[in-house]
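Some notes on the structure that comes next.
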2 protein chains.
Amino acid sequence: MPFEDKKKNRVTLLDVAARANVSRATASLVIRKSPLVGTETRARVEEAMRELGYVYNMGAARLRAERSHTVGVVVPNLTNPFFAELLSGIESVIDAAGMVVILANSGDLAERQDMVMQRMREHGVDGVIICPAAATEPEFLDRMAEWGLPLVQALRHISDDIDYAGVDYAAGMREAVGHLASLGHRRIAFAVHGPVHSAYLERIEGFRDAMFSRGFDPDLIIRVPDQTAQIPGSAHLLFENREKPTAVVCFNDVIALGLSAGLHDLGLKVGENFSLIGFDDVTEADIIRPRLTSVSTAPVTIGENAARLLLDRLSDPLLPPRRVVKETRLHIRQSCGPIAGPARY
Amino acid sequence: MPFEDKKKNRVTLLDVAARANVSRATASLVIRKSPLVGTETRARVEEAMRELGYVYNMGAARLRAERSHTVGVVVPNLTNPFFAELLSGIESVIDAAGMVVILANSGDLAERQDMVMQRMREHGVDGVIICPAAATEPEFLDRMAEWGLPLVQALRHISDDIDYAGVDYAAGMREAVGHLASLGHRRIAFAVHGPVHSAYLERIEGFRDAMFSRGFDPDLIIRVPDQTAQIPGSAHLLFENREKPTAVVCFNDVIALGLSAGLHDLGLKVGENFSLIGFDDVTEADIIRPRLTSVSTAPVTIGENAARLLLDRLSDPLLPPRRVVKETRLHIRQSCGPIAGPARY
DNA sequence: CTTTCCATTTAGATCGATCTAAAAGCTTTT
DNA sequence: AAAAGCTTTTAGATCGATCTAAATGGAAAG
């Protein structure tokens with residue numbers, strides 16, 4: 001029955017060392033799995049750690065080693081399942097690398113984002129993965145870089161000089177429009193909402209591109225409410241234009257789900273006399289009726305990519321900036337059909 | 001143009017103190033907003049911090065002060081929007097208290113949960129909010145408590161001696177059954193899935209209670225698949241029993257959404273000739289058709305409660321164990337109707 | 001038997017804050 | 001003028017690890 005009562009009764013490396021009859025330095029080497037220590041010594045130290053119930057004090061280590069084994073993750077909003085999945089991907093890779101995630105929520109506000117980054121710095125994170133708030137100026141990220149804080153942008157990108165992991169939104173949009181076009185649709189609307197940021201602009205660009213190159217009107221862009229609950233009620237907006245669309249591409253699946261319900265309320269049959277295509281391919285796409293055709297963006301994978309970019313940068317800070325842009329995949333289900341009514345051509 | 005190039009060129013409190021002509025101790029007091037320092041001195045030190053671009057080193061502070069301003073959060077799964085919302089509530093309260101969240105994912109596996117908690121300890125978190133993995137034994141949590149690590153259980157509870165923030169699941173279930181009963185339903189099924197834990201058992205208990213006390217058959221409990229995509233296809237399970245139900249209560253909204261689709265596929269009209277009621281009241285409840293009647297559990301609020309419990313405990317570790325159990329609220333929409341067909345009484 | 005070399009081990013300084021207990025300046029009281 | 005009581009400031013030890021540079025011991029080489 002070991003007899004240890006120091007005043008504060010916390011087991012330190014020094015206690016372990018004493019018990020194993022080695023110096024504190026040797027014990028430290030054992031923890032860090034250095035190849036320098038002899039096999040027999042290592043075993044003795046490990047035994048001592050077990051016996052004493054030693055807990056590594058990361059805080060002390062970080063102070064000396066200037067390495068915290070900690071990664072900051074800043075997202076605009078946790079309530080959105082999309083970011084939650086991103087976070088999940090990040091967490092799994094960071095965890096596997098033996099580090100932990102410090103989480104922060106910017107609320108998509110540049111001002112809060114400033115505060116949050118400051119806090120990250122104070123906590124001494126080794127690097128940060130950030131989905132920049134919509135109104136972030138490029139100088140912001142460059143300032144971080146000047147701090148010497150390794151940074152990775154996820155989903156949205158502000159600066160080209162900083163690593164980025166995302167999705168080829170524009171190509172995804174082209175794919176969506178292409179699918180509708182192949183079903184005979186020519187008058188296609190684009191339903192959007194939310195703040196303006198790179199991921200927003202790329203989608204717009206992809207949509208207009210695809211429409212324009214086919215000689216279709218690329219300007220049928222409709223803004224729907226940001227509040228999920230109000231989207232179904234806004235379906236009528238689709239038909240207030242002179243040129244009534246026969247199909248709609250949605251900025252994301254929240255809009256798609258909402259409009260699908262709204263169109264149903266208006267008496268239209270989605271997939272039969274009106275076509276609708278979503279973006280993100282959330283789980284619900286498969287369990288609503290009609291099943292939602294959607295462009296998959298797989299945020300978990302993006303998170304994994306972002307985390308890997310950061311880990312690479314940590315091990316070599318001089319790496320040139322890289323971007324990992326994932327391809328989308330169109331998941332065809334039931335919400336799109338050939339153009340309805342008497343054929344126009 | 002200040003001329004500072006130390007070898008490592010990091011601004012420390014000592015540099016600030018020198019610049020402001022005070023001692024390191026005084027500078028430290030200024031940072032910590034101690035009322036002891038004079039107004040003029042404080043201003044001078046703050047000015048110096050600004051000029052030098054000083055960044056507080058939380059790591060150093062924590063080592064000495066044995067306080068990390070860090071809270072661990074352990075959830076079984078981040079992909080589930082339910083836990084993401086919980087996390088969001090926790091984060092906002094913790095952030096407002098000037099602390100940060102260290103995140104970990106147990107994958108609902110007791111073994112991983114062990115590792116994760118160990119890591120939390122190494123990182124010196126001040127406390128942990130945990131939604132215990134399904135197979136957690138009470139000894140596990142008690143061991144943590146022995147470590148002297150302040151703990152709060154969220155959503156699920158294993159030990160009665162430890163703070164808990166959750167929802168009155170049983171009452172929510174009684175409410176759901178009550179609503180259906182008031183519409184004339186007597187043969188009501190309960191569709192469940194997932195691992196067994198306290199939140200699961202309480203729902204079962206609430207259901208059986210409510211059924212039994214009305215003299216209805218409390219045993220119509222149906223297990224549906226865990227995979228979201230397979231739920232719609234399992235709707236037929238509802239009718240394989242001798243006694244065919246006229247309504248179903250769902251364990252959560254994922255099941256409700258899935259069965260709603262599945263029942264539609266079987267040619268039933270939910271809300272007209274079959275009633276269905278969900279649990280959780282997710283955002284999608286309002287944007288599917290028919291709109292889903294659901295029992296609201298508001299996980300964000302639970303997260304906030306859990307965080308507040310932890311903060312209280314941090315400021316007074318001797319507080320007796322407390323439990324904050326939120327009431328549910330039934331959100332009536334369209335998916336339930338009076339019992340169909342020729343009246344039975 | 002000394003010297004060289006290698007593999008291990010170690011003493012002591014160090015990271016950047018906080019804490020303790022006491023000192024230094026003030027007024028105010030005796 | 002000394003003592004007492006404030007308020008404000010400070011020196012120096014301390015938290016628990018890592019790092020540096022040097023010491024130690026044994027085997028191989030001379």
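Every value quoted in this text rests on a predicted model; they were computed, and no experiment measured them. Each chain gets a letter, A, B and so on, in the order the sequences are listed, and its residues count up from 1.
- When heavy atoms are screened at a 4.0 angstrom cut-off, A:R24 is found touching base atoms of the nucleic acid.
- Between B:N77 and B:F82 there is no side-chain heavy-atom pair separated by less than 4.5 Å.
- For D:dT18, one of the phosphate oxygens OP1 or OP2 lies less than 4.0 angstrom from a side-chain nitrogen or oxygen of A:R32.
- Summarising the geometry, the separation between CG on B:D15 and C1' on C:dG16 is reported as 10 Å, rounded to the nearest angstrom.
- Closest to the B:A65 side chain, of the nucleotides D:dT10, C:dC19, C:dA17, is C:dC19.
- Summarising the geometry, the separation between CG on A:L14 and C1' on C:dA13 is reported as 15 Å, rounded to the nearest angstrom.
- The separation between B:L63 atom CG and D:dG16 atom C1' is 5 Å, rounded to whole Å.
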TODO: Under the side-chain contact (heavy atoms from CB on, under 4.5 Å) rule, what do B:E85 and A:L78 come out as? Steps first, then yes or no, please.
DONE: CA-CA 7 Å; B:E85 292 198 23; A:L78 278 167; over 6 Å; no

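- Proximity note for A:Y56 (side chain, C-beta onward) versus C:dA17, D:dT10, D:dT18: the nearest is D:dT18.
- The residues A:D95 and B:R112 are annotated as salt-bridged, a charged nitrogen and a carboxylate oxygen being separated by less than 4.0 angstrom.
- The phosphate of D:dA17 has neither OP1 nor OP2 within less than 4.0 Å of any side-chain N or O from A:S28.
- Checked against D:dA17, C:dC19, D:dT10, the side chain of B:R64 finds its nearest nucleotide in C:dC19.
- The two residues B:E137 and B:I158 make their nearest non-hydrogen contact at C-CG2, 3.8 Å.
- The nearest whole Å value for the distance from the CD atom in A:E66 to the C1' atom in D:dA17 is 13 Å.
- We find that B:R10 and B:D15 are not joined by a salt bridge, their nearest charged nitrogen and carboxylate oxygen being 4.0 Å or further apart.
- Atom-to-atom, CG of B:N21 to C1' of D:dT10 comes out at 14 Å; the value is rounded to the nearest Å.
- Going from atom CG of B:L13 over to atom C1' of C:dT18 covers 10 Å, rounded to whole Å.
- Contact annotation: B:T41 reaches the phosphate of D:dT9 (side-chain N/O to OP1 or OP2, under 4.0 Å).
- As judged by a 4.0 angstrom heavy-atom cut-off over every strand, A:A25 is placed among the base-contacting residues.
- Per the geometry, CG belonging to A:L36 stands 18 Å off P belonging to D:dA23, to the nearest Å.
- Picking from C:dT10, D:dG16, C:dT18 the nucleotide with the shortest atom distance to the side chain of A:S23 gives C:dT10.
- Protein atom CG of A:L29 is 9 Å distant from nucleotide atom C1' of C:dT8, rounded to whole Å.
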